[in-house]
Protein chains: 2
Amino acid sequence: MGNITIRMLAKELNLSTAAISKALRDSHDISASTKERVLALAAKLNYVPNPYAGSLRRRKSKTIAVVIPEVANSFFSIALNGIEAVAIEKGYHTLIYLTHEKLAREKAILQDLQSGRVDGVIVSITLETTSGEHFRALASGQVPLVFFDRVCEEIETAKIITDDFTSGYNATSHLIECGCKNPALLSVSNSLSIISRRLEGYRQALADQGIKENPANIILCGNDPNENYALIQQVLKRKKRPDGIVATIENLTTEIYQVSEKLGLSIPQDLKVVCFSNLATVAILNPSLTTITQPAYEMGKTAATILFKALEKKSFLLENENIVIPSSLVVRHSTVREL
Amino acid sequence: MGNITIRMLAKELNLSTAAISKALRDSHDISASTKERVLALAAKLNYVPNPYAGSLRRRKSKTIAVVIPEVANSFFSIALNGIEAVAIEKGYHTLIYLTHEKLAREKAILQDLQSGRVDGVIVSITLETTSGEHFRALASGQVPLVFFDRVCEEIETAKIITDDFTSGYNATSHLIECGCKNPALLSVSNSLSIISRRLEGYRQALADQGIKENPANIILCGNDPNENYALIQQVLKRKKRPDGIVATIENLTTEIYQVSEKLGLSIPQDLKVVCFSNLATVAILNPSLTTITQPAYEMGKTAATILFKALEKKSFLLENENIVIPSSLVVRHSTVREL
DNA sequence: ACTATTTACTTAACCGGTTAAGTAAATAAA
DNA sequence: TTTATTTACTTAACCGGTTAAGTAAATAGT
């Protein structure tokens, strides 16, 4: 650990450690000339205060934790980018924890975070998370908690989300307007609120356009690409196969394209596709992909901003509110042949 | 911060704090029955030790820092994934710092990390980094430092790299074998060692295949997508335009494809393209992209493993070594029409 | 000239654990 | 039975800052 301490500065300058500490924090208690001497020596010796000593005394760590399912995912990595930008600006440090969609990991991490390691936590929950019990201790304690995107509705705190119902509605309506009679929806969870809302939007769009819902067209995918490939293939081999797909998460894109290619279905003629995706490369896919693009960076940034607002107040109370940042439908060639 | 302390447990059980501390760490000093009582109460009260108190005393933080240019980038996000996996397994915490390719940020971060905040650091340097001075204090101190991918050669420590020369060589040779007479290389830095090596590989391949090097075919791109687009367009509008491109970084892919489309150049007939890329979607691009795929996860994992090897020893000396994990050329339709 | 206030510090407790050193009681060895 | 050792703790210093409370000297006020 860092070797040069406030005590050494004190000895060198014949001052008390208190004087050094105050000089470094620019206290009124210390004369200008002394401050100068202290700053000069600190700079010369390249003194960097031990953060944990201060954290212990002040009971503040100037650190936040970000708990997300994956980082090798464009949505989460962009959101993390937004969070980190705010944290750095505020002089905070960012601990990153990946749950890999495992509830057990999420619980273990949240348990650890009760230690005072961080001043605040930003979470996007796993696909397995159905109860919010493990968030309760944190939220009811003095550690403010903000959810983004995949939120835990039963916990009363700030939640940064996008307009999932509308997005699901728009994606589905768009497919129908493009001529789909039998659009399917690829889901990944029956519990995640964002997925439920996208599904509700899908249903409402069907209803509004007078298409009868077919339960077989709501397909629950999983985490394994191979299994998803097999599942999608099975769906697209049906006699009355879907002529459109709304994929509620990004990582289903590759499988949809690959199965279509394998089955000789051409997109968008035989199958129209809309994905929830933030990939930069969607525009150069074959064909380019119509997407619901989520405001990932903005969501991360907003989550962090709201969190710091709570941290800067003495009361750590975060209002139970949903902050909605809209997504946008970007139409490309996977739904429309000519643009 | 966490409210329940070792002192409260001590009072409750009529023991000293030392006894509690030892009981929790399963010391031989404490009787089995007492340990049981302590563990039971700790569990009941959901006691989580304050990490900073321990860090201060033991001069170990059980935390590492990862300093990378960007996280919204498939290579770095996958590498971070690998690092985090090892850290979690070892019971360590991971602080993430993004430099956004700014040397000033990198310096400020490295300065802070001398504080004892972390036990070790993993870095991939910025495009602006030419000198390693700001790494010296850390490396010469007691904080072990490991570089991965974008390494700082002048610092004597462990460096996890891929076979950049060979990759550049293979990418270029592949283009030539596919019929290119005039392959260009898109660079992003004149100082970064990995880019230099890729360039050397490119040159060697030209030499071996008897193609005279054309300096105008070595193109220095930057960080701004729009500028890169303009630059690539300018190159592909030349009378004697390149018939092949080796792109040394992933984020040039979109611009290459878009310029080609705009200029009516079809890939691979008019222009063959190989990119250094870890994007999952390369297989479904239009056309699918031939890549040099770096072992991003393995590199992150190895960097972390080497770091922890040093952390687990009493001596923090990291050998000055290059650990090379090979990349692979994956041939797809951007260089070969029929596979 | 004498008290009140301000200036510029110092002292010491504190944050919450860890650990070297000490100790009383129980057990083992001689 | 006496001494040596082990067991199961306690005491207190320590990590490196922060900060409430105290103090001596200088300055201001009357």
Side-chain angles (χ1 to χ4, degrees), chain A residues 1-39 41-42 45-63 112-119 141-142, chain B residues 1-39 41-42 45-63 112-119 141-142:
Chain A
M1 292 184 82
N3 8 254
I4 137 108
T5 72
I6 220 170
R7 251 162 272 271
M8 295 171 173
L9 299 183
K11 181 166 288 178
E12 187 78 11
L13 295 174
N14 260 312
L15 287 167
S16 67
T17 61
I20 305 291
S21 176
K22 288 175 182 172
L24 292 171
R25 327 188 103 250
D26 202 26
S27 154
H28 293 297
D29 261 23
I30 305 295
S31 71
S33 66
T34 301
K35 277 180 192 168
E36 240 175 78
R37 290 199 307 143
V38 172
L39 268 328
L41 184 64
L45 298 182
N46 194 25
Y47 167 72
V48 187
N50 182 309
Y52 299 140
S55 292
L56 193 54
R57 178 66 221 248
R58 298 147 148 286
R59 298 159 144 271
K60 286 272 160 291
S61 63
K62 282 274 184 177
T63 304
D112 176 276
L113 292 178
Q114 288 180 52
S115 63
R117 189 182 294 281
V118 296
D119 297 342
Q142 23 268 312
Chain B
M1 292 184 80
N3 10 252
I4 136 108
T5 71
I6 220 171
R7 249 162 274 272
M8 295 170 171
L9 299 184
K11 182 167 287 177
E12 187 79 11
L13 294 175
N14 261 313
L15 287 167
S16 68
T17 61
I20 305 291
S21 176
K22 288 175 181 172
L24 292 171
R25 327 188 102 251
D26 202 27
S27 155
H28 293 296
D29 261 24
I30 306 293
S31 72
S33 67
T34 301
K35 278 180 191 170
E36 240 175 79
R37 290 200 307 145
V38 172
L39 268 328
L41 184 64
L45 298 182
N46 193 26
Y47 167 73
V48 187
N50 182 308
Y52 299 140
S55 291
L56 194 53
R57 179 66 221 246
R58 301 148 145 286
R59 297 160 143 270
K60 286 273 161 290
S61 63
K62 281 273 183 179
T63 304
D112 176 277
L113 293 178
Q114 289 180 51
S115 64
R117 189 181 295 281
V118 296
D119 298 341
Q142 21 267 311

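Each chain gets a letter, A, B and so on, in the order the sequences are listed, and its residues count up from 1.
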Review point. Given C/dT10, D/dT10, C/dG17, which nucleotide is nearest the side-chain atoms of A/A19?
Key: C/dT10
**Study point:** Within residues 9-17 of chain B: residues closer than 4.0 Å to DNA chain D (heavy atoms)
**Key:** B/N14, B/L15, B/S16
Point to revise | Closest non-hydrogen atom pair, B/L24 against B/A42 | key: CD2-CB, 4.1 Å
**Study point:** Protein-nucleotide distance (B/I30, atom CD1; C/dT19, atom P), rounded to Å
**Key:** 13 Å
Review point. Only one of B/I6, B/L13, B/I30 forms a side chain to side chain contact (heavy atoms under 4.5 Å, CB included) with B/V38, so which one is it?
Key: B/L13
Review point. Given C/dG16, is OP1 or OP2 found less than 4.0 Å from the side-chain N or O atoms of B/S21?
Key: no
**Study point:** Pairwise 5' ranking along DNA chain D for B/K35 and B/A53, keeping only the more 5' one
**Key:** B/K35
Practice item. Could you tell me the separation between the CD1 atom of A/I6 and the P atom of C/dT10, rounded to a whole number of Å? Key: 12 Å
Review point. OP1, OP2 of C/dA8 versus side-chain N and O of A/S31: anything below 4.0 Å?
Key: no
Check your understanding: Which atom names give the shortest non-hydrogen contact between B/G116 and A/Y52, and what distance separates them?
Key -> O-CE1, 3.5 Å
Point to revise | Donor-acceptor pair under 3.5 Å, A/R59 side chain vs C/dC15 base | key: no
Point to revise | Whole-Å distance separating the CG atom of A/N50 from the P atom of D/dG17 | key: 6 Å
Review point. When rounded to the nearest 0.5 angstrom, what distance separates OG in B/S21 from CG in B/L9?
Key: 10.5 Å
Practice item. Report yes if the side chains of B/I20 and B/Y47 come closer than 4.5 Å at any heavy-atom pair, otherwise no. Key: no
Revision key, fill the gap. B/E36 atom CD is separated from D/dA8 atom P, nearest whole Å, by 13 Å
Check your understanding: Please give, in whole Å, the distance from C/dT18 P to B/Y52 OH?
Key -> 15 Å
Practice item. State, to the nearest 10°, the angle formed by the axis through the first five base pairs of the helix from C/dA1-D/dT30 to C/dA30-D/dT1 and the axis through its last five. Key: 40°
**Study point:** D/dG17 OP1/OP2 closer than 4.0 Å to side-chain N/O of A/Y47
**Key:** yes
Study note, to complete from the structure: From NZ of B/K60 across to P of C/dT18 the rounded distance in Å is 15 Å
Check your understanding: How long is the line joining CZ of A/R57 and C1' of C/dA12, in whole Å?
Key -> 11 Å
**Study point:** salt bridge (Lys or Arg N to Asp or Glu O under 4.0 Å) contacts in which one or both residues fall within residues 26-36 of chain A, not counting sequence neighbours
**Key:** A/K22-A/D29, A/D26-A/K35
Review point. Under 4.5 Å between any side-chain heavy atoms of A/I4 and A/E12, yes or no?
Key: no
Exercise for review: Answer yes or no: is there a side-chain heavy-atom contact under 4.5 Å between B/N50 and A/L56?
Suggested key: yes
Check your understanding: Is any side-chain N or O of B/R7 under 3.5 Å from a base N or O of C/dG17, one able to act as donor and the other as acceptor?
Key -> yes
Review point. From C/dC14, D/dC9, C/dC9, pick the nucleotide closest to the side chain of B/D29?
Key: D/dC9
Check your understanding: D/dT10 base to B/K22 side chain: any donor-acceptor pair below 3.5 Å?
Key -> yes
Check your understanding: Do B/L113 and A/V48 come close enough that some side-chain heavy atom pair is under 4.5 Å?
Key -> no
Check your understanding: Any idea which of D/dG16, C/dT19, C/dG17 is nearest the B/A18 side chain?
Key -> C/dT19
Point to revise | Separation of atom CZ in A/R117 from atom C1' in C/dG17, rounded to whole Å | key: 13 Å
Review point. Within a strict 4.5 Å, meaning less than it, do heavy atoms of the B/M8 and B/N3 side chains meet?
Key: no
